[in-house]
Amino acid sequence: MFSYYTELALLSFRRSPGLTALMVLAIAFGVAASMTTFSVYRAVSGDPMPWKSGRIFVPQVDTWGPTEPDKDGEPRSSLDYATAVALTRAHRGTAQAPMYKISPAVQAEAAASHPVNIDGHAVGSEFFPMLDVPFLYGAGWTLQDDERRANVIVISQRLNGKLFQGRNSVGQSLLVAGRSYRIVGVVGHWDPQPRFFDVVNTGGFTTTREDAFLPFNTAIAAGIETTGNTGCSKTPTESGIAGLTRSNCVWISYLVQLDDERSVAAYMAYLDGYARQLRDSGAVTWEPNNRLRDIPAWLDARHVVPADTGASLLVALGLLVVCLVNTSGLLLAKFLRRSGEIGVRRALGAPRHAIYAQFLTEAGMIGLAGGVLGIALTGVGVACVHWLLPVDIAQLARIDPSLLLLTLGLALGSTLVAGLYPTFRAALVQPTWQLKSQ
């Protein structure tokens with residue numbers, strides 16, 4: 001019977017091509033607007049590490065006091081050097097890593113290459129296993145390398161391709177800011193979005209890539225400057241990285257892995273105890289004002305997801321509803337105009353459920369056509385979002401198989417829902433009245 005209903009639907013489309021095209025266009029535009037904005041919203045609001053983000057935490061310790069808070073009494077998002085070192089030495093988590101942003105010049109030591117400016121981070125050794133960073137070659141360095149300030153480096157797959165033509169470069173030497181570092185690992189493709197470990201500097205999204213990672217202590221000893229955001233309540237007495245390490249300037253991001261609620265409570269108690277020690281020593285005069293948030297809560301607190309993306313999604317869904325209401329009205333007019341046909345079918349013995357099946361099949365075919373056209377319009381929309389949004393956010397919007405299936409499913413499902421009332425009205429047609437009128 002489905003093939004018969006399909007033939008009836010095609011005949012109906014040929015009888016009123018303009019009305020059919022109008023409904024297909026309405027569905028296509030509504031679905032395309034919704035899917036384009038959804039592709040952006042999905043990209044910016046996704047969990048960058050869903051299997052582990054609830055166990056990775058960002059500690060905040062207020063070392064500036066109530067006169068220098070962020071909005072709503074929040075402590076600063078970064079840590080000063082003394083606090084970061086104290087937390088690292090205490091090692092109260094399963095894993096932990098201080099980090100700061102660097103942008104040194106690098107070149108292959110063995111080849112006659114020109115220096116290349118790159119972006120990267122100076123991090124603790126536990127950064128890699130804690131964040132499940134994938135390695136193409138080699139691995140990260142060890143805690144012992146951290147302690148002895150070893151001249152080692154981990155580079156990205158992209159930098160490895162640029163300097164070593166993609167070969168296994170583990171064991172090769174690299175000049176970083178004029179010093180020789182031994183490559184111990186090459187990271188595979190790794191570009192988490194949002195950039196949860198560097199929200200302070202990127203706002204969560206960036207087009208830059210992490211091309212190199214140096215040991216935190218080694219970078220400090222080598223005097224490699226931070227190129228990230230730095231906040232100081234007063235000017236350091238010395239210049240450069242040495243001045244930052246001897247000041248209360250905040251410039252170091254910090255992550256710690258805590259595997260259960262007991263560990264979280266214990267770590268929070270440790271942070272409060274550390275703050276009380278600062279107060280008791282006279283270093284500060286205020287009560288503890290600390291925070292400890294997992295990655296999803298941290299991203300929410302920093303308002304990483306732009307508010308206008310959520311609003312845009314609601315507006316687009318509203319447009320889809322308007323399109324569906326219009327489509328429902330057009331279907332109602334189209335179906336009731338065929339009351340005579342319905343009356344004849346009912347008089348010949350067709351049950352009401354057959355009328356339902358016939359007209360819902362027709363609505364579904366309109367929905368599928370609208371979905372196919374909606375996919376094409378969604379592609380145009382995704383290609384053009386950079387006109388409305390920053391490049392670092394717009395580039396995250398992509399069309400993938402799941403989005404294609406969702407577009408088709410939304411078009412089909414929403415059109416079937418829009419067709420329910422018109423089909424219900426069509427099924428109520430009384431055959432005797434229609435036969436008498438004819």
Side-chain angles (χ1 to χ4, degrees), residues 1-38 315-381 404-438:
M1 292 299 291
F2 179 73
S3 60
Y4 174 62
Y5 297 146
T6 302
E7 290 178 10
L8 291 179
L10 292 175
L11 287 173
S12 174
F13 297 159
R14 283 197 288 268
R15 283 197 297 265
S16 53
L19 190 61
T20 302
L22 186 61
M23 289 187 287
V24 170
L25 285 173
I27 294 297
F29 276 109
V31 168
S34 299
M35 290 298 96
T36 300
T37 53
F38 175 73
V315 170
L317 291 175
L319 174 62
L320 176 60
V321 170
V322 171
C323 292
L324 291 176
V325 170
N326 288 331
T327 300
S328 182
L330 293 173
L331 284 173
L332 180 61
K334 183 180 177 70
F335 291 170
L336 292 184
R337 213 164 54 179
R338 295 157 61 188
S339 297
E341 172 193 333
I342 298 170
V344 171
R345 287 202 64 205
R346 293 282 284 119
L348 292 175
R352 272 195 180 141
H353 67 77
I355 304 300
Y356 273 104
Q358 175 188 345
F359 288 105
L360 285 179
T361 299
E362 186 170 332
M365 292 177 66
I366 292 173
L368 282 177
V372 172
L373 181 57
I375 288 175
L377 294 177
T378 299
V380 174
L404 296 179
L405 291 175
L406 184 59
T407 302
L408 281 176
L410 179 63
L412 177 59
S414 59
T415 308
L416 287 175
V417 171
L420 285 176
Y421 179 69
T423 302
F424 171 73
R425 289 287 305 275
L428 292 179
V429 169
Q430 296 296 323
T432 54
W433 295 350
Q434 295 302 319
L435 292 176
K436 285 180 180 180
S437 66
Q438 293 182 12

On a heavy-atom basis, the closest approach of Thr378 and Met35 is OG1-CB, 3.7 Å
For Ala363 versus Thr415, what's the shortest heavy-atom pair and its separation?
O-CG2, 3.1 Å
Kindly give the heavy-atom pair with the smallest separation between Thr36 and Gly381, and that separation in Å.
CG2-C, 3.6 Å
Any residue meeting side chain to side chain contact (heavy atoms under 4.5 Å, CB included) with Leu332, in chain and number order, not counting sequence neighbours
Leu336, Tyr421, Pro422, Arg425
Side chain Ser34, main chain Ala316, donor-acceptor under 3.5 Å
yes
How many angstroms lie between CG in Leu406 and CD1 in Ile375, if you round to the nearest 0.5 Å?
10.0 Å
May I have the step-by-step check of side-chain contact (heavy atoms from CB on, under 4.5 Å) for Val372 and Thr407, ending in yes or no?
CA-CA 8 Å; Val372 172; Thr407 302; over 6 Å; no
Output for pair (Leu317 CG, Thr37 OG1), nearest 0.5 Å, gives 6.5 Å
Among all residues two or more places apart in sequence or in another chain, which pass the side chain to side chain contact (heavy atoms under 4.5 Å, CB included) test with Leu324?
Ile27, Leu320, Ser414, Ala418
Tell me the closest heavy-atom pair linking Gly367 and Ala411, and the distance in Å.
O-CB, 3.4 Å
The criterion is side chain to side chain contact (heavy atoms under 4.5 Å, CB included); which residues satisfy it with Leu377, sequence neighbours excluded?
Ala28, Phe29, Ala32, Leu373
Please enumerate all residues that pass side chain to side chain contact (heavy atoms under 4.5 Å, CB included) together with Thr361, with sequence neighbours excluded.
Phe2, Tyr5, Thr6, Met365
Do you know the tightest heavy-atom contact between Phe13 and Glu362?
CE2-CG, 3.6 Å
Nearest 0.5 Å please: distance from the OG1 atom of Thr20 over to the CD1 atom of Ile366.
5.5 Å
